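Let me begin by presenting the structure, written as structure tokens, before commenting on it.
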Amino acid sequence: MDDLTDQVEVRRQKLEKLRELRIPLYPNDFKPSHVSSRIIAEFGSLSEDQLSALTTTVSLAGRIMSIRSFGKASFFHLQDREGRLQVYVRRDRLGEEGYRLFQSLDIGDIVGVRGHLFVTKTKELTVAAHGLGLLCKCLRPLPEKWHGLADVEARYRRRYVDLMVNREVRELFEKRSRIIRLIRRFFEERDFLEVETPMMQSIPGGAAARPFITHHNALNMDLYLRVAPELFLKRLLVGGIERVFELNRNFRNEGISVRHNPEFTMLEFYQAFATYEDLMSLTEELFATVAKELAGSLTLSYGGSAIDLTPPWRRLTLIGALEEHGAKRAELESLEGLQAFARKRGLAFDPGLPYGNLLVEVFEEVAEPHLIQPTFVVGYPLEVSPLARKNDADPSVVDRFELYMGGRELANAFSELNDPLDQRERLLKQAEARRAGDDLAQAMDEDFVRALEYGMPPAAGEGIGIDRMVMLFTDSPSIRDVVLFPLLRPER
RNA sequence: GAGCCGUUAGCUCAGGCGGUAGAGCAUCUGCCUUUUAAGCAGAGGGUCGCUGGUUCGAGUCCAGCACGGCUCACCA
């Protein structure tokens with residue numbers, strides 16, 4: 001951390017020298033007239049003669065990314081929020097003092113430049129500076145100019161450096177922002193209201209996950225960081241907000257992997273008078289809209305495979321998915337048969353697991369990695385879905401789907417259970433399992449059931465993992481690539 | 001939590017069978033007024049992740065620890 005290398009020392013000394021010369025070290029009155037990309041767009045196509053006829057003066061500010069010096073003249077590249085532009089400085093134009101100041105600058109310094117445009121011998125649009133000022137000294141050396149910053153750990157810990165020198169990182173996070181904007185617009189256009197519900201909850205609910213615990217001093221009470229906003233969003237359905245969504249962080253106290261960060265961004269939306277089947281179409285539409293706006297194509301490439309988002313997507317039952325991997329329907333319908341199949345596949349499982357839980361586990365093990373093309377998986381057993389509506393024809397399953405794509409789960413949706421008596425029973429059963437040691441089972445939330453007793457319109461709701469969606473659209477193998485500051489152990 | 005792999009200069013990397021540390025970029029000095037991986041000449045910069053052990057001698061072999069990556073587990 002306090003690595004005072006020779007390079008840092010040299011830069012500090014340069015700063016001190018400027019201080020002695022009474023040069024303002026951290027001025028804040030420079031206002032750039034232009035951004036690099038706009039200059040290139042506006043003037044890039046002009047000929048040499050047209051440019052030299054121009055009297056336009058441009059000013060821009062940014063970070064020095066490279067310097068090529070010839071003694072009495074130099075070129076450097078300036079990087080601002082949009083890109084890079086070359087700057088040309090020479091002693092006879094900047095003056096003795098101005099040029100000496102330039103010579104004391106380093107790669108990484110933030111400067112403001114004023115000048116006119118011309119084209120170099122090598123046909124690069126360049127600013128010939130007649131004014132140059134230091135706006136902020138960079139006291140640490142930047143990574144090497146053509147390999148950049150490659151060390152993954154350093155890239156996550158010092159994302160600011162990663163962003164400076166690896167252009168594609170900047171582009172990825174711009175893309176992430178665009179995706180989120182498109183999602184918001186999609187739901188706003190359909191009359192959904194965006195809301196914010198508690199992230200600190202006294203009863204964590206809405207998902208089977210371990211919460212983080214924190215403490216409120218004044219009230220002297222423990223609080224949980226939410227694992228899902230679900231139960232609050234459904235209270236809003238009760239309150240008459242018939243179309244509602246929340247796009248924000250969830251927190252789950254789980255291991256870290258290429259698809260798991262302890263805090264992650266989740267979209268949840270609820271629509272009254274709709275069923276989970278309506279949400280399948282809506283989900284197809286959402287992904288198709290984002291894909292078209294983002295890339296102009298319904299096909300995207302992920303991890304070397306092409307994923308075709310053209311609706312309608314395949315629908316498959318859990319059992320059907322397993323049948324595609326050598327299981328016989330008859331053996332999947334009993335607990336014993338299912339256990340036998342799991343053993344045959346060499347899966348380790350808890351023999352005390354109920355049928356429904358085992359079915360899901362076997363599915364995730366055997367079928368999930370192969371679901372590359374978008375697939376709605378349905379036929380989820382009642383016992384793993386305490387908040388979902390029972391299927392009218394077969395009450396042992398619920399009206400629920402999970403969306404798989406690229407070999408992983410992306411979304412989970414169901415027709416919501418709005419029968420308060422049934423909901424109370426199911427939550428009580430969860431609470432009982434919780435007491436019996438299942439710390440993933442949900443807690444009883446009396447107020448949530450009370451809300452349902454006021455009457456919740458029939459509705460369907462869905463959660464989409466936004467980080468995973470961004471991974472898909474940016475062809476990123478790890479969630480850490482799409483989260484600016486992924487959780488790491490503190491460095492020592 | 002487990003297994004495998006990695007950690008060498010500010011950055012990117014090389015270091016055969018154990019013999020006391022190298023390159024390019026960056027930095028510093030000198031030359032250079034259209035370069036773009038600018039060039040030329042020279043110089044400085046290292047707790048080889050940390051702690052022990054084996055050895056006459058460890059960047060190299062062994063053990064433990066730290067951090068990271070991948071896989072697995074956890075995540076219904």
Side-chain angles (χ1 to χ4, degrees), chain A residues 3-11 13-14 48 65-77 84-94 99 106-108 118-124 126 128 138-158 161-162 164-166 207-210 227 250 252-262 264 318 348-350 353-365 368 380-386 400 402 408-409 412 430 433 438-442 465 477-478 480 486 488-492:
Chain A
D3 38 7
L4 256 188
T5 65
D6 55 336
Q7 306 214 29
V8 173
E9 196 45 50
V10 164
R11 284 171 184 240
Q13 282 165 9
K14 286 178 176 175
E48 231 165 292
M65 297 306 289
S66 63
I67 302 176
R68 289 169 297 282
S69 176
F70 302 85
K72 297 184 189 65
S74 304
F75 290 91
F76 64 90
H77 269 109
R84 291 181 182 192
L85 195 66
Q86 185 169 254
V87 180
Y88 179 52
V89 287
R90 39 193 291 170
R91 192 167 70 178
D92 57 12
R93 198 162 306 148
L94 278 186
Y99 197 73
D106 289 299
I107 290 171
F118 77 108
V119 178
T120 63
K121 275 183 194 162
T122 51
K123 301 281 175 267
E124 180 163 348
T126 300
C138 174
L139 292 175
R140 289 173 182 268
L142 257 43
E144 196 229 4
K145 63 185 164 198
W146 62 84
H147 295 103
L149 188 65
D151 180 68
V152 260
E153 184 176 354
R155 291 183 48 213
Y156 297 148
R157 289 196 196 277
R158 305 191 194 184
V161 180
D162 191 26
M164 268 176 231
V165 301
N166 293 324
R210 283 181 201 90
V227 295
N250 286 351
R252 296 188 183 175
N253 209 336
E254 302 166 350
I256 294 174
S257 79
V258 283
R259 1 174 215 293
H260 300 267
N261 195 58
F264 63 99
L318 279 176
F349 60 90
D350 174 359
L353 225 48
Y355 171 81
N357 302 62
L358 183 61
L359 182 64
V360 169
E361 197 163 310
V362 172
F363 161 80
E364 286 176 356
E365 203 64 40
E368 172 172 345
Y380 278 83
L382 175 66
E383 53 265 46
V384 298
S385 316
R400 168 181 178 187
E402 286 197 352
R408 57 185 61 145
E409 178 191 344
N412 180 21
Q430 287 282 311
D438 180 358
D439 57 354
L440 293 173
Q442 301 194 34
S478 168
R480 283 176 224 115
L488 299 178
R489 286 189 167 87
E491 66 183 315
R492 317 186 338 145

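For clarity, every value in this text was computed on a predicted model and none was experimentally measured. Letters A, B, ... are given to chains in the order of the sequence lines, protein chains preceding strands, and every chain is numbered from 1.
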Measure from the side-chain N and O atoms of A:Y99 to the backbone N and O of A:A73, and report whether any donor-acceptor pair falls under 3.5 Å.
-> yes
Specify the separation, in whole Å, of atom CZ of A:R408 and atom P of B:C75.
-> 18 Å
How far, in whole Å, is B:G24 from B:G39 if one measures between their P atoms?
-> 12 Å
Considering all heavy atoms of both residues, which atom of A:V258 and which atom of A:R480 are nearest to each other, and what is their separation?
-> N-NH2, 4.3 Å
Rounded to whole angstrom units, what separation is found between the CD atom of A:E491 and the P atom of B:G68?
-> 10 Å
No-H, no-angle donor-acceptor pair, A:E124 side chain to B:U35 base, under 3.5 Å | no
A:I107 has its side chain closest, among B:G68, B:U12, B:A26, to B:A26
Classify the nucleic acid contact of A:V360 as base, sugar-phosphate or nothing, counting any heavy atom under 4.0 Å across all strands shown.
-> sugar-phosphate
Can you say whether the rings of A:F70 and A:F75 are parallel (under 30°), tilted (30 to 60°) or perpendicular (over 60°)?
-> perpendicular
Between A:R480 and B:G69, is there a side-chain N or O to OP1/OP2 distance below 4.0 Å?
-> yes
Base, sugar-phosphate alone, or nothing: which one does A:R91 contact when heavy atoms must sit under 4.0 Å apart?
-> nothing
Check: A:F264 main-chain N/O paired with A:N250 side-chain donor or acceptor under 3.5 Å = no
Per A:V10 side chain, nearest of listed nucleotides B:C74, B:C28, B:U71 | B:C28
Over all atoms of both residues, closest heavy-atom pair of A:E491 and A:R157 | N-NH1, 3.4 Å
Looking for any heavy atom pair under 4.0 Å, which part of the strands does A:V165 touch: base, sugar-phosphate only, or nothing?
-> nothing
Give A:L488 one of three labels, base, sugar-phosphate or nothing, depending on what nucleic acid heavy atoms sit under 4.0 Å from its own.
-> sugar-phosphate
What's the shortest heavy-atom distance between A:R400 and A:V384, and which atoms?
-> NH1-O, 3.2 Å
Distance between the C1' atoms of B:G59 and B:U8, in whole angstroms?
-> 7 Å
Has A:R489 got a side-chain N or O lying under 4.0 Å from the OP1 or OP2 atom of B:C67?
-> yes
Contacts of type side-chain hydrogen bond (donor to acceptor under 3.5 Å, both in side chains), residue A:E254, not counting sequence neighbours | none
The answer to which of A:V258 and A:G255 contacts RNA chain B further toward the 5' end, by nearest nucleotide, is A:V258
With a 3.5 Å cut-off and just heavy-atom distances, do the side chain of A:H260 and the base of B:C75 make a donor-acceptor pair?
-> yes
Can you check the A:R210 CZ to B:A73 P distance for me, whole Å?
-> 15 Å
To the side chain of A:Y88, which of B:G68, B:C28, B:U33 is closest?
-> B:U33
Check the distance between B:A73's C1' and A:D350's CG and give it to me in whole angstrom.
-> 14 Å
Closest approach of A:Q7 and A:P141, non-hydrogen atoms and distance?
-> OE1-CB, 3.5 Å
Looking at every strand, decide which applies to A:R93 at a 4.0 Å heavy-atom threshold: base, sugar-phosphate, or nothing.
-> nothing
side-chain hydrogen bond (donor to acceptor under 3.5 Å, both in side chains) filter on A:N253, not counting sequence neighbours, yields none
Using a heavy-atom cut-off of under 4.0 Å over every strand shown, decide if A:F76 touches base, sugar-phosphate, or nothing.
-> nothing
Specify the separation, in whole Å, of atom CG of A:D439 and atom P of B:C74.
-> 13 Å
Is the backbone of A:G356 close enough, under 3.5 Å, to the side chain of A:E383 for a donor and an acceptor to pair up by distance?
-> yes
Are the side chain of A:N166 and the backbone of A:L149 linked by a donor-acceptor contact shorter than 3.5 Å?
-> yes
Donor-acceptor pair present, A:D92 side chain and B:U33 base, under 3.5 Å = yes
Does RNA chain B take part in any stems of at least 3 consecutive Watson-Crick or G-U pairs (both distances under 3.5 Å), and if so, which ones?
-> B:1-7 with B:66-72, B:10-13 with B:22-25, B:27-31 with B:39-43, B:49-53 with B:61-65
With nearest nucleotides of RNA chain B determined for A:A207 and A:R68 from heavy-atom distances, which residue corresponds to the more 5′ nucleotide?
-> A:R68
A:R252 side chain near B:C74 phosphate (N/O to OP1/OP2, under 4.0 Å) = no
Take atom P in B:U20 and the same atom in B:A58, then report the distance between them in whole Å.
-> 12 Å
B:U35 and B:U71: how far apart are their P atoms, nearest whole angstrom?
-> 48 Å
Whole-angstrom distance between B:G6 and B:C75, as gauged at atom P = 31 Å
Whole-Å distance separating the CZ atom of A:F70 from the P atom of B:U33 | 10 Å
With respect to the side chain of A:K14, which nucleotide from B:U34, B:U12, B:U27 is positioned closest?
-> B:U27
Heavy atoms under 4.0 Å, any strand shown: does A:S69 hit a base, just sugar-phosphate, or nothing?
-> base
How far, in whole Å, is B:G49 from B:U7 if one measures between their C1' atoms?
-> 6 Å
Side-chain atoms of A:A73 come closest, of B:C75, B:C11, B:U33, to B:U33
A:L149 side-chain proximity, nearest of B:U12, B:U35, B:C28 | B:U12
Nearest-neighbour nucleotide for the A:F75 side chain, B:U12, B:C75, B:U34 considered | B:U34
Which part of the nucleic acid, if any, lies within contact of A:G356, taking any heavy atom under 4.0 Å across all strands shown: a base, the sugar-phosphate backbone alone, or nothing?
-> nothing
Would one find a side-chain N or O of A:R90 under 4.0 angstrom from OP1 or OP2 of B:U34?
-> no
Which part of the nucleic acid does A:E402 contact within heavy-atom distance under 4.0 Å: base, sugar-phosphate only, or nothing?
-> nothing
Out of B:A26, B:G68, B:U35, minimum distance to the side chain of A:Q7 belongs to B:A26
Length of the CD1-C1' vector between A:I67 and B:U27, whole Å = 12 Å
Report yes if at least one side-chain N or O of A:K123 is closer than 4.0 Å to OP1 or OP2 of B:U34; otherwise report no.
-> no
Can you check whether A:K72 has a side-chain N or O nearer than 4.0 Å to OP1 or OP2 of B:U33?
-> yes
Is a side-chain N or O of A:R11 found less than 3.5 angstrom from the main chain of A:R140, in a donor-acceptor match?
-> yes
Provide the distance between the two P atoms, one in B:C65 and one in B:G1, to the nearest whole Å.
-> 11 Å
Name the closest nucleotide to the A:E144 side chain, picking from B:C74, B:C11, B:U33.
-> B:C11
Just how far, in rounded Å, is C1' of B:U29 from CG of A:D6?
-> 14 Å
Determine the interatomic distance between P on B:C61 and the same-named atom on B:G19; round to the nearest Å.
-> 11 Å
